Amino acid sequence: MHREEVGSKCFYLSRLYKAGYLVPKGFCLTRRAWEFFKESILLGKVESFFGGDLEHSLRVGREIRELILGSVLPEEIVGEVREAIRELSFPLAIRSSGLEEDLPLASFAGIYESVLNVCDEREIWDGLRRCWASLFSEAGVYYRRKKGYFSPRAFQMAVIFQQMIPTCLRGVLFTRDPVMGRQEIVLELYSPSEQEDSEVHFQISRRTLKVIQKKVLSEKEPSCPERLPRELVRLGLELEAFFEAPQDVEWAYFEGKIYILQSRPITSLPKENETVYWTAANSQEVLSEPVSPLTFSFFLPMIERGRRELFQFLDLEEFPKREYLKLFFGRPYFNVNYFRDFLKALEIFPQNLFDTLIFGEELSISDTFHLPPLNKKNLKKLFWCLYLRYRAKVLLETFSKTFLKDIQKLENLPHTDNPKKIWNYIEKNALLAEKALRMHVLGTGLAGVYLLFMGEFLKRQRLDLTKEAWTNLARGIKGIRSAEEGDWILNLAKIALDQPCVGYVLKEVEKGGKEIYLLEEVEGGGKFLQALDNFLKNYGHRSLMEADLAVPRWSENPEFILTAIRKYLDFGVDKLLEKRRANRSIRKYFAFQVRQQLRKGFWAKLFPWKQYLFEHLYLSLEKFLPYRENLKDLALRPLFHIRQGFLKLGEIFTKKKWLSQNEDIFYLEYEDVRQICLQNSFFVPMEKIAKEKRKLENFRKILPPRTIAIGEELTEKTPPMKKCLQGLGCSAGIAKGIARVFKKNIDIQSLLQIQPGEILVIRAADPSMTPLFLVASAVVMEVGGMLSHSVVVAREYGIPCITGVRGATEIIQNGDHLTIDGAKGTVYIEKRVNLSF
C-alpha cells in the first residue's frame with residue numbers, strides 16, 4: 001500500500017494493522033477515486049483554484065464545496081463502495097485521509113472532515129461528499145498556504161471506511177508534551193455520555209511510568225480500569241519506537257481491548273529553556289537528498305576525531321552534552337548554537353561568523369572583530385594561529401603533492417574476492433580522505449578569515465564601492481579546480497563545435513548515454529572521446545550528491561557532462577569563452593580602484609600602512625581561497641575508490657546470498673561492514689536493510705526545512721508574496737532575466753530544462769552542477785554563505801549570486817522576470833507570471 005494512493009492516515013493504520021496492532025476493520029477508497037470524481041464532475045474548476053491570491057482561493061473554494069455537496073456520485077464509485085461495504089456492518093466511520101496529512105512538518109490535524117456513526121447508505125454518500133469537500137475548507141486553505149502545501153499535488157484525498165467502535169472510553173496520548181516540549185507523556189482520557197462528557201488529563205513519567213500529575217477536567221471523573229493508563233503509555237512508547245518519532249495517538253477502549261484509531265508524528269514541539277537551532281544550510285549543498293546509512297556512519301567518526309583534536313589544539317574545554325551534527329529527515333543538520341558557542345570561546349570572532357561564511361546570513365555593522373583578553377591561554381592560541389598562518393601555504397602545498405603520489409599508489413582495486421583485502425584497501429583510502437578533509441578545514445578557515453578581514457577592512461575605510469569590491473576582489477583567482485572544471489567542459493564543447501558530426505549526435509540523438517557509442521563511428525568522434533576520457537581522468541570522481549558513497553560518479557555515468565556540453569552549444573561557445581576572459585580582469589580593476597582611494601590624502605602618502613595591509617589581504621586571498629575548493633577535490637578522489645571497494649564487497653556479498661543486490665551494501669553501517677569482512681559472516685537482518693530503504697524513500701518525498709528548532713519545530717515560515725526579496729550578496733553584478741525555479745533538488749532531467757541566460761532560483765546548489773552556471777545570467781539560492789562551494793565558483797565565472805533568500809523557490813515562479821543585484825543581495829520581481837498581488 002503506497003502513501004501516495006491512500007494518504008498518511010490510512011498508510012500509518014495499515015502499517016499498524018500488518019504489525020499486529022488492533023485497528024478497526026475497514027477499507028480505503030484511494031485518491032484515484034477522487035481524481036475520477038474531479039474529472040467527471042468538477043470539469044476543470046479545481047485548476048482555477050490556484051490562479052490567484054488568498055481571497056481568490058477562498059472564493060473558488062466555496063464554489064467547489066457547493067458543487068461537491070450537491071453532486072451525483074459517479075456510478076463507478078458507488079458500485080465499488082457497495083461491493084466493499086458488504087464486509088462491514090453499521091455503524092461506520094467515514095474518515096478523510098489527505099495525501100499531505102500527518103507529515104513530520106504538517107499534521108493537518110482537524111483540517112479535514114470525518115463523519116461518524118453512519119447508519120445507512122444515504123449517509124455513506126453524504127459522508128463521502130463531505131470528506132472530499134473539506135479539501136477546500138477555509139481552514140484548509142489558510143493552513144496549506146502557511147505550511148507551503150498549496151499546489152494541485154497537495155489537493156488530493158483518500159477516504160477510509162471503518163467499523164465504528166461503540167461508545168466507550170477513548171482519548172489521545174502524546175509521547176512528548178506537545179505544549180511545553182518536555183519528555184513527559186501526556187494522556188487525555190474521556191468518556192462520551194448523553195448527559196455530559198467526562199475527561200481527565202495525566203502527566204506521566206517516561207522513565208518510571210508513574211503519574212506525575214492528574215487533572216480532572218469535568219465535574220465527573222471518567223471511570224476506567226486502574227491498569228489502563230499504564231497500558232496506554234506502554235503502547236505509546238511502542239508506537240514511538242515503531243515509527244521512530246514522537247507520536248500523537250488516538251485510541252479507544254472497548255471490552256478490555258485498546259484499539260488504535262490514528263497514530264501520527266507530533267509536528268510542533270516548542271522550546272524548553274533554550275531554543276536550539278539546527279541548520280542544513282551547508283550540508284544541503286553536498287547532501288541535498290537523504291544520505292545513505294553507510295555514508296553517514298563513515299563520516300561521523302571522522303568528523304568527531306577532527307573536532308576533538310581541534311578543541312585540544314586550541315585548549316578549549318568540551319561543551320557538556322551538546323550535539324553538533326544530527327540527521328533529520330535523513331539529511332545532516334548542524335547545531336547553530338554549538339558553532340556560536342565555539343566562536344564565543346575563541347573570544348575574537350563575532351559569534352555569527354559562520355552565519356555569513358556558511359549559513360547565509362549577513363553580519364551587521366556592530367558584529368565586528370575584537371581582541372581577546374591578553375592572558376596566557378589566549379597568547380598561546382594566538383601564537384599557534386600565527387604559526388599556522390605563516391606555515392600554511394608550505395604545509396598545504398606539500399600535502400597536495402604527497403597526497404597525489406599516495407593516491408596513485410592505491411588507484412587500482414585489488415582483483416580478489418577476499419573481503420579482508422578489499423577492506424584493507426578501503427581503510428587506506430579512508431585514511432587519505434580524512435587527511436585531505438583536515439587540510440580542507442584548515443584551507444577553508446584561512447580563506448574565510450581573510451575574506452572577512454578584507455570585508456571588515458573595506459568597511460572601516462568607508463571606500464566607494466565597498467560592497468562590489470569585497471566580492472570582486474575574491475574572483476578571477478587562478479587555480480580553483482572546481483571553476484577550471486567548467487573550462488574543461490567548455491573545451492569539450494569547442495571540439496564538438498569544430499566537429500559538426502559530433503555536435504549533431506550530442507544535440508539530436510536520443511539521450512541517456514547511447515550517444516557515446518555513436519560517437520565512436522562518426523567523423524571527429526575519436527578526438528572528442530579522447531578529450532572526454534582525459535576529462536574523466538581528472539574529474540571523473542565528481543558527481544551530483546558527490547559526498548554520498550551510494551551515488552554513481554561521472555566516470556560511471558557521464559550523462560551530466562554531455563548535458564552541460566549541449567547547454568554550452570546552445571548558449572554559444574565563443575560567447576562563453578569571451579565571458580571567461582572578461583571575468584579574469586575584473587579583480588585587477590577593483591584592486592586598482594581600492595589602491596587609488598587608499599593613496600588619497602597627505603597622511604596616506606606619509607604613512608602608507610593601509611596600502612600595505614590591503615596588499616597583504618589581497619595576496620592572502622589569492623593564496624588561500626583556492627584551497628577551499630582544491631582540498632575538497634582531493635578528498636573526493638579516495639571517496640571514489642572507497643565507493644568502488646564497497647561495490648566490490650556488495651558483489652561478493654550478493655554472490656554469497658547475503659544481499660539481494662550489490663547496492664544494498666550502502667544501507668548497512670560502516671562498522672557492520674567492517675565486522676562482516678573481518679569475521680566472514682553476515683549478521684545483519686535483511687529486514688533492517690529493507691527498513692532503511694523504506695525510510696530513505698519516505699524521506700525523499702519530504703522537502704525539509706532549512707532551519708529546525710528543538711530538532712522538530714519549523715522555525716521559519718514562507719515569507720509573504722512580495723516583489724523585492726533580500727539575501728546575502730555573494731558575487732557582485734547586475735543581471736536581468738527569466739527565472740528558472742527548482743523547488744526540489746536538481747537531477748539530470750531538470751537540468752535539461754535550463755535555457756541560456758535564465759536566472760537559476762534554487763534551494764541549494766550542488767557544487768558539481770556549477771558548470772551550468774556559465775550559461776545562466778545569475779543564481780539565487782535559499783541556502784548558502786560567502787564560502788559555499790557554489791558561491792566560490794559563481795564568483796569565478798563572473799555570475800551574480802545571492803544566497804540566503806528565504807522562501808525564494810516558493811515566492812518566485814517559473815517565467816517571472818527578475819532583476820538582481822549581486823552586491824546588495826536584492827532580488828526584484830519585475831513581472832509576475834500566474835500570480836497577482
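These figures come from a predicted structure and were not determined experimentally.
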Show the numbers, then the answer: is there a side-chain contact (heavy atoms from CB on, under 4.5 Å) between Glu484 and Tyr539? CA-CA 10 Å; Glu484 291 175 346; Tyr539 294 99; 3.8 Å; yes

Between Ala433 and Leu639, which heavy-atom pair has the shortest distance, and what is it? CB-CD2, 4.4 Å

Hey, is the main chain of Ala550 close enough, under 3.5 Å, to the side chain of Arg643 for a donor-acceptor pair? yes

Which heavy atom in Leu492 sits nearest to a heavy atom in Ile565, and how many Å separate them? CB-CD1, 3.7 Å

Find out whether Glu796 and Phe773 are in side-chain contact, i.e. whether some heavy atom of one side chain is under 4.5 Å from a heavy atom of the other. no

Decide, yes or no, whether a salt bridge links Asp570 with Arg566 under the criterion of side-chain N to carboxylate O below 4.0 Å. no

Side-chain donor/acceptor of Ser297 to backbone N/O of Tyr670, under 3.5 Å: yes

Report, as yes or no, whether the 6.0 Å neighbourhood of atom CD on Gln661 holds more than 12 heavy atoms from other residues, nucleotides or ligands. yes

To the nearest 0.5 Å, tell me how far Ile586 CD1 sits from Asn472 CG. 6.0 Å

What is the minimum heavy-atom distance between Ala436 and Leu634, and which atoms define it? CB-C, 4.3 Å

So, Asn538 side chain and Asn534 main chain: donor-acceptor pair closer than 3.5 Å or not? yes

Mind running side-chain contact (heavy atoms from CB on, under 4.5 Å) on Leu396 and Met439 for me, showing each step along the way? CA-CA 7 Å; Leu396 295 174; Met439 292 296 174; 3.7 Å; yes

Would the distance check show the side chain of Ser777 and the main-chain N or O of Gly757 forming a donor-acceptor pair, the cut-off being under 3.5 Å? yes

Please check if any side-chain donor atom of Arg475 sits under 3.5 Å from a side-chain acceptor atom of Ser731, or the reverse. yes

Nearest 0.5 Å, what's the CG-CG distance between Leu497 and Leu490? 10.0 Å

Of all heavy-atom pairs linking Thr654 and Gly650, the shortest is OG1-O, 2.7 Å

Charged N to carboxylate O below 4.0 Å: is that the case for Asp574 and Lys494? no

Donor-acceptor pair, distance only, cut-off 3.5 Å: does the side chain of Thr402 make one with the backbone of Phe399? yes

If I compare all heavy atoms of Gly645 with all of Ile426, which pair ends up nearest, and what's the gap? C-CD1, 3.8 Å

Between Leu395 and Leu442, is any pair of side-chain heavy atoms under 4.5 Å apart? yes

Indicate the ring-plane relationship of Tyr450 and Phe453, choosing parallel, tilted or perpendicular according to the 30° and 60° boundaries. perpendicular

For Thr809 and Arg763, indicate whether the former's side chain and the latter's backbone hold a donor-acceptor pair under 3.5 Å. no

Apply salt bridge (Lys or Arg N to Asp or Glu O under 4.0 Å) to residues Lys575 and Glu578 and explain how you reach the verdict. CA-CA 5 Å; Lys575 285 165 59 178; Glu578 181 57 36; over 6 Å; no

Could you walk me through whether Leu631 and Ser400 pass the side-chain contact (heavy atoms from CB on, under 4.5 Å) test, one step at a time? CA-CA 8 Å; Leu631 289 164; Ser400 298; 4.0 Å; yes

Close side-chain approach of Phe298 and Ser292, heavy atoms under 4.5 Å: no

Strictly distance-based, threshold 3.5 Å: is any side-chain N or O of Ser555 a donor or acceptor partner for the main-chain N or O of Gly540? yes

Between CD1 of Ile759 and OG1 of Thr819, what distance do you get to the nearest 0.5 Å? 7.0 Å

For the residue pair Ile407 and His641, establish whether any side-chain heavy-atom pair is separated by less than 4.5 Å. yes

Rounded to the nearest 0.5 Å, what separation is found between the NZ atom of Lys736 and the NE2 atom of His817? 11.5 Å

Under 3.5 Å, is there a donor-acceptor pair between the side chain of Arg481 and the main chain of Glu629? no

Measuring from Ser660:OG to Tyr667:OH, what's the distance to the nearest 0.5 Å? 12.0 Å

So Ile489 and Ile561, do their side chains get closer than 4.5 Å, heavy atoms only? yes

What's the separation between atom CD in Gln755 and atom CZ in Phe571, rounded to the nearest 0.5 Å? 12.0 Å

Taking the side chain as every heavy atom from C-beta outward, state whether Leu519 and Leu506 have any atom pair closer than 4.5 Å. yes

Take atom NZ of Lys693 as the centre, draw a 6.0 Å sphere, and report whether it contains more than 12 heavy atoms from other residues, nucleotides or ligands. yes

Show every side-chain hydrogen bond (donor to acceptor under 3.5 Å, both in side chains) that has at least one partner inside residues 421-442, sequence neighbours left out. Arg305-Glu434, Glu309-Arg438, Trp423-Glu427, Glu434-Arg438

Closest contact, heavy atoms only, Gly815 versus Ile738: CA-CG2, 3.5 Å

Would you confirm whether the ring centroid of Trp554 sits within less than 6.0 angstrom of the ring centroid of Phe560? yes

May I have the step-by-step check of side-chain contact (heavy atoms from CB on, under 4.5 Å) for Phe666 and Val291, ending in yes or no? CA-CA 10 Å; Phe666 297 111; Val291 62; over 6 Å; no

Do Phe296 and Pro290 touch side chain to side chain, with heavy atoms closer than 4.5 Å? no

With no hydrogens and no angle check, is any side-chain donor or acceptor of Tyr568 less than 3.5 Å from a backbone partner on Pro771? yes

So, the side chain of Tyr618 versus the backbone of Leu473: is there a donor-acceptor pair under 3.5 Å, distance only? no

Side chain proximity check, Met781 to Cys801, heavy atoms < 4.5 angstrom: yes

Salt bridge or not between Glu546 and Lys632? Use side-chain N to carboxylate O under 4.0 Å. yes

